[in-house]
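Residue numbers count from 1 along this sequence.
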Amino acid sequence: MYSYRWCGSVPSTPTTATTMIRRLCCLQSVSSPFSSASTTTTTKKPLVFLGAPQVSAIVLDTLLDASASPHSSFEVAAIVTQPAARRDRGKKLALSPLATHALDRGFSPDLIFTPHKAGDDAFLSNLKALQPQLCITAAYGNILPTKFLDIPQFGTVNIHPSLLPLYRGAAPVQRALLDGAKETGVSLAFTVRALDAGPIIATETIQVDDQIKAPDLLELLFRKGSELLIRELPSILDGSARLKAQPQDDSKVTLAPKINPDESWLSFDKEASVVHNKVRAFSGWPGTRARVVVVEKNGQQKTLDIKIITTRLSSHASVLFNEADDVAFVEGALVFPCGRGTTLEVLEVQLPGKKAVNAAAFWNGLRGQKLKKL
């Protein structure tokens, strides 16, 4: 099991992940970082926070800010995140977004742990040495075994971006948008061995705007979840939350399995609302793709694979298409005919290897050639 050990002072200003990797010049194995920390006396209850993506940093910020209050009863004693990995196009080794953010905030690199599995013996030994009262997870991404869950006195609590028992699983926000949900929310629940099945401490419901995309909705829900966590922490840390937590109704369970990139292809034969919901749901990753046909002035045709970035349900019900598969350009939007006589406005697209452009720029680039859906 590894933790980060910094040779020099922790930077006080934000740094990119790439720069951070360079500055971690003395990364080394550390058997136990608690030998010096454990001698410090404190009345605050130690919490351990687990996460990985950027939305996890929202929760970490909330915890760190709250723990800095003179009246706080807890402190963030350690952070657990995913190991450094090769990310993005350059495939350079990079810390998880949560680790980078924690270091930028001045969190001790000796107390950021990156086990490949949460059941690794060396990691669990270090976790036990810290004697955490509570563990908190937010999009951590690893299964927590029983021998992990048995360590914190008040258990492990998860912030899950859905109204459990709805959308248990890895992609609750994407699946909710894909289903066209008008309402969703965030749940604070105790973690058990079964997937997202623990007793619910509290929930908060929000209405879903019909234009919001998955990354924005995910951020909103984790902000709401952070507030919910701070509100409920006193009851969690005095044990009363365990008594009031409500078991989930298993008869109402729905699942939110991990997104497969093969799901990203759009079919304009479906109703416009279905296509629009998929564009919103898969925004960011994996994105949505479509094949269109460009008809040149001499009649020759070529097929293009394009990414559909932003769409809107069409208000142009009276658009006349010369042929059933023609794509029109109306008031700054590419208007695609869809199933059951519906139409969808495409506002932003992206060609392979190019930057995303608005519909007007894409249409102008066709220079009078026709565009058809495939």
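When side chains are defined from C-beta on, Val293 does not count as touching Lys302, because their heavy atoms never get closer than 4.5 Å. Contact of the Val327 side chain with the Lys372 side chain is not registered, since no non-hydrogen atoms from C-beta on lie closer than 4.5 Å. In this structure the side chain of Phe222 never reaches within 4.5 angstrom of the side chain of Ser56, judged on heavy atoms. Leu347 is not listed as a side-chain neighbour of Asn358, based on a closest heavy-atom distance of 4.5 Å or more. Side-chain atoms of Tyr167 and Thr184, non-hydrogen and from C-beta on, never get closer than 4.5 Å to each other. Considering only heavy atoms from C-beta on, Lys147 stays 4.5 Å or farther from Leu127 through its side chain.
With values rounded to the nearest 0.5 angstrom, Thr310 atom OG1 is found 10.0 Å from Arg312 atom CZ. Note that the CD atom of Gln153 and the SG atom of Cys135 stand 12.0 Å from one another [nearest 0.5 Å]. To the nearest 0.5 Å, atom CD1 of residue Ile206 and atom NZ of residue Lys224 are 7.5 Å apart. For the atom pair CG (Leu374) and CG (Asp325), the distance works out to 8.5 Å, reported to the nearest 0.5 Å. Note that CG of Leu334 is 9.5 Å distant from CD of Glu345, once rounded to the nearest 0.5 Å. With rounding to the nearest 0.5 angstrom, the CG atom of Leu47 is 9.5 Å from the CG atom of Leu130.
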Does Glu75 form a salt bridge (Lys or Arg N to Asp or Glu O under 4.0 Å) with Lys45? I'd like the steps, not just the answer. CA-CA 6 Å; Glu75 64 179 356; Lys45 295 177 179 179; over 6 Å; no
Between Ser251 and Asp249, is a side-chain hydrogen bond (donor to acceptor under 3.5 Å, both in side chains) present by the stated rule, with each step listed? CA-CA 5 Å; Ser251 69; Asp249 184 348; 2.6 Å; yes
Run Lys128 and Asp150 through salt bridge (Lys or Arg N to Asp or Glu O under 4.0 Å) and show every step you take. CA-CA 10 Å; Lys128 287 178 182 177; Asp150 287 343; over 6 Å; no
Run the side-chain hydrogen bond (donor to acceptor under 3.5 Å, both in side chains) check on Ser314 and Thr343 step by step: do they pass? CA-CA 6 Å; Ser314 181; Thr343 54; 3.1 Å; yes
For a side-chain hydrogen bond (donor to acceptor under 3.5 Å, both in side chains) check, start with the C-alpha distance between Thr114 and Thr81, then their side-chain angles and the critical distance, and finish with the verdict. CA-CA 5 Å; Thr114 60; Thr81 189; over 6 Å; no
Evaluate the side-chain hydrogen bond (donor to acceptor under 3.5 Å, both in side chains) criterion for residues Ser264 and Lys278: first the C-alpha distance (whole Å), next the side-chain angles of each, then the deciding distance (0.1 Å), finally the verdict. CA-CA 8 Å; Ser264 65; Lys278 178 175 275 195; over 6 Å; no
Go through Asp216 and Arg280 one step at a time and tell me if the salt bridge (Lys or Arg N to Asp or Glu O under 4.0 Å) criterion holds. CA-CA 10 Å; Asp216 296 326; Arg280 297 162 60 215; over 6 Å; no
Kindly determine whether Asp326 and Lys373 satisfy salt bridge (Lys or Arg N to Asp or Glu O under 4.0 Å), including the steps that lead there. CA-CA 6 Å; Asp326 278 354; Lys373 71 174 188 179; over 6 Å; no
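Without hydrogens or angle criteria, Glu271 side chain to Val275 main chain gives no donor-acceptor distance under 3.5 Å. With hydrogens and angles ignored, the 3.5 Å screen pairs no side-chain donor or acceptor of Ser283 with any backbone N or O of Val279. Proximity of a side-chain donor or acceptor of Ser235 to a complementary backbone N or O of Glu232 within less than 3.5 Å is detected. Counting only distance, with no hydrogens or angles, the side chain of Thr100 and the backbone of Ser96 share a donor-acceptor pair below 3.5 Å.
A continuous path of ILVMFWY side-chain contacts below 4.5 Å connects Leu304 to Val357, so both sit in one hydrophobic cluster. Connection of Leu98 to Leu103 is established within a shared hydrophobic cluster, with ILVMFWY side chains joined at heavy-atom distances below 4.5 Å, either directly or through further cluster members.
The number of heavy-atom neighbours closer than 6.0 Å to NZ of Lys307, taken from other residues, nucleotides and ligands shown, is 12 or below. The number of heavy atoms from other shown groups lying within 6.0 Å of NZ (Lys370) does not exceed 12. Shown here is Leu366, whose CG atom has more than 12 heavy atoms of other residues, nucleotides or ligands within 6.0 Å.
Side-chain atoms of Ser108 and Asp110 include no donor-acceptor pair closer than 3.5 Å. No side-chain donor-acceptor contact under 3.5 Å links Asn158 and Thr191. A side-chain donor-acceptor contact under 3.5 Å links His101 and Asp61.
Taking a cutoff of 4.0 Å between a charged side-chain nitrogen and a carboxylate oxygen, Arg223 and Glu227 do not qualify as a salt bridge. Between Glu263 and Arg175 a salt bridge is recorded (basic side-chain N to carboxylate O distance below 4.0 Å).
Between Ile58 and Thr62 the shortest heavy-atom distance is O-OG1, 3.0 Å. What you find for Pro132 and Val48 is that their closest heavy atoms are CB-CG2, 3.7 Å. Scanning all heavy atoms of the two residues, the minimum distance from Asp120 to Pro115 falls at OD2-CB, 3.9 Å. When all heavy atoms of Leu344 and Cys338 are compared, the pair lying nearest together is CB-SG, 3.8 Å. Heavy-atom minimum distance, Val173 versus Ala214: CG1-O, 3.8 Å. Between Lys117 and Asn142, the shortest heavy-atom contact is CA-ND2, 4.2 Å.
By the 6.0 Å and 45° rule, Arg242 does not stack over the aromatic ring of Phe154.
Each ring-ring contact (aromatic ring centres under 6.0 Å, His included) pair with one or both residues in residues 243-279, not counting sequence neighbours, appears once here: Phe268-Phe336.
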